[in-house]
S.K.: 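Sending over a structure as structure tokens; questions will come in a sec.
Numbering of ligands and ligand atoms starts at 1, following listing order. Position 1 is the first residue of the sequence, and the numbers go up from there. In what follows, every heavy atom counts, from backbone to side chain, and hydrogens, waters and symmetry copies are set aside.
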Amino acid sequence: MKYSILALLLFTLWSCTEPLPEINKTLDTSTLVPLPVEVVEDEGYAFSINPSTKITYEEAALSTQAEALAAHIQEVAGYDLMTAEGAPCRNCISLVLDSLLISDSPEAYQISSNQEYLQLTANSSAGMYYAVRTLQQLLPVAIVEGQPKDTLMAIGAGRISDYPRYGYRGSMLDVARHFFSVADVKRYIDYLAAYKMNVLHLHLSDDQGWRIEIKSWPKLTEIGGSTEVGGGEGGFYTQEEYKDIVQYAADRHIMVIPEIDMPGHTNSALASYPELNCDGKATELYTGTQVGFSTLCTDKEVVYQFVDDVFRELAELTPGPYLHIGGDESHVTAKPDYIKFVTRVQEIVASHGKQLVGWDEVVTAELNEDAIAQYWASPDNANTAADKDLKVIISPAKYAYLDMKYDTTTELGLTWAGTIEVDEGYQWDPAELEDKLNDDNILGVEAPLWGETIETLDDIEFLLFPRIIGYAEIGWTPAGQRDWSDYRERLAAQQAWLDQQGINYYRSPKVPWDANKMQN
Ligand code: TNX
């Protein structure tokens, strides 16, 4: 014991006097996406991470994040930094929880640096997670032999103060049209987390497949999960696997919102259980890509029993407040039936302690005041949502659908809402879309990836990247600070990370990629 106290004392004395590198480097935003709210440069030398830098944290709750940061630095620079609970100190990267004055957002953080100290301060562990993400973007993705490590591992003197515009920044993955493995979904989560997104909406059922185990209705997955678009074998997540996804997401400050689409988009359920159909006959499994032809029989009591069982089991798997009921494109459900159905389902959702989210069509029903509409196509529905004082998630197909082709030559994707080049996906603003939508009623932004044309992780990546990075910035950065000509440079700077991650991204001609470094 004595020995270790002595060691600590010596370490402290030595670290107070040890000369630190004198590095001139500016704190700039050229590698940062989303762009932070404020970056102020200071005079003086940069903080340079070196082999004797320590990582300290003031609360035990931050130890995981400190370890993760140490692991990242090990990967990039090969330094084995010591991590320890303790106060900020010289030549230390210090993680501090403190209430920040810049914003009351639980996701706010600050980074301040000078030659001797690098401090990450946040309102909460979510904020600290984003501080670490920003720090990672300030560092190179890797250091190659012969490069000046001191400079590359340096953070210019100054201060970054940052918090998101919206508390809801998400993406939807459709695992119903084509099934994707747990490993693929985790990778998707990693991609969202890298750019400070915090919601993963999973589209778990559609005409072509049912993807989540429901113990009280086992044929949903046995039959309904057995195929997909094109006739492949489909698949589903057991409840254990689903919990694993939810936990993996939570560890990255991402909430999972499960969607069971109804009353339309239900053929996989209608093929599994004849009693859900008005004529009592099971439908055939469907592997095409038409929409709007199926409906649950809204007059039957057993349908509401079914909905209750499904949402009860899903609610138990869902720590977050939301259950998404779909509600889109129910073209063969008579209007009064649709309204009656949504109204009843909303009570079922509420009875399991959750808030309803639905595609914008749901606003045609009487909704509780805590219901949330996801605007994808109809301006009328969006304005109605505003009139009813509902919160709205912004997912306009013509700007934010990740399954739209980049241009007419893109092999993957659809074009029904147009094509979306990288600049078009970036240059729009959620609060400028419709008269009645503004930041008071907008909950946030979500970019959906529908799965009709995609079968592999490579396919996912191609439609996702680089557009998803722009949606992350739209959800985070104040509108007045966003500018395409600046963004395209910062986007190009993501190339090193995209290549290092082995991501199959679209080499958009609109982005000034470094041709010398271009792979493929
Ligand atoms: C419309 S967006 C749909 C989906 C399709 C998508 C394809 C929405 C609520 N419904 O069923 O997969 O277009 O882009």
S.K.: I need the single residue from Thr295, Thr266, Thr298 that forms a side-chain hydrogen bond (donor to acceptor under 3.5 Å, both in side chains) with Thr333. Which is it?
M.R.: Thr295
S.K.: For Met404, counting its heavy atoms only, list the atoms of ligand 1 lying under 4.0 Å from any of them.
M.R.: 14 (O)
S.K.: Does the side chain of Glu424 come under 3.5 Å of the side chain of Tyr399 through a donor N or O and an acceptor N or O?
M.R.: no
S.K.: Looking only at side chains, do Arg467 and Tyr471 share a donor and an acceptor under 3.5 Å apart?
M.R.: no
S.K.: Would you tell me whether His324 and Asp261 have side-chain atoms, one donor and one acceptor, within less than 3.5 Å of each other?
M.R.: no
S.K.: With heavy-atom distances below 4.0 Å as the criterion, list the atoms of ligand 1 near His265.
M.R.: 11 (O)
S.K.: Short list, please: which atoms of ligand 1 are under 4.0 Å from a heavy atom of Asp403?
M.R.: 7 (C), 14 (O)
S.K.: With heavy atoms only and a cut-off of under 4.0 Å, state how Asp174 meets ligand 1: side chain, backbone, both or neither.
M.R.: neither
S.K.: Quick one: pull up CZ in Arg211 and CZ in Phe180 and give me the separation to the nearest 0.5 Å.
M.R.: 10.0 Å
S.K.: What residue and heavy atom of the protein are closest to atom 3 (C) of ligand 1, and at what distance?
M.R.: Glu329 OE1, 3.3 Å
S.K.: For atom 9 (C) of ligand 1, what's the nearest protein heavy-atom neighbour? Residue, atom name and distance, please.
M.R.: Asp328 OD2, 3.1 Å
S.K.: Any N/O of Glu452 closer than 3.5 Å to an N/O of ligand 1?
M.R.: yes
S.K.: Without hydrogens or angle criteria, can the side chains of Gln65 and Tyr129 be said to hold a donor-acceptor pair below 3.5 Å?
M.R.: no
S.K.: For Leu414, counting its heavy atoms only, list the atoms of ligand 1 lying under 4.0 Å from any of them.
M.R.: 7 (C), 14 (O)
S.K.: Assess the side chains of Asp387 and Thr384: does a donor N or O sit below 3.5 Å from an acceptor N or O?
M.R.: no
S.K.: Do any heavy atoms of Arg177 fall under 4.0 Å from ligand 1?
M.R.: yes
S.K.: Hey, is ligand 1 close enough to Tyr401 that some N/O pair sits below 3.5 Å?
M.R.: no
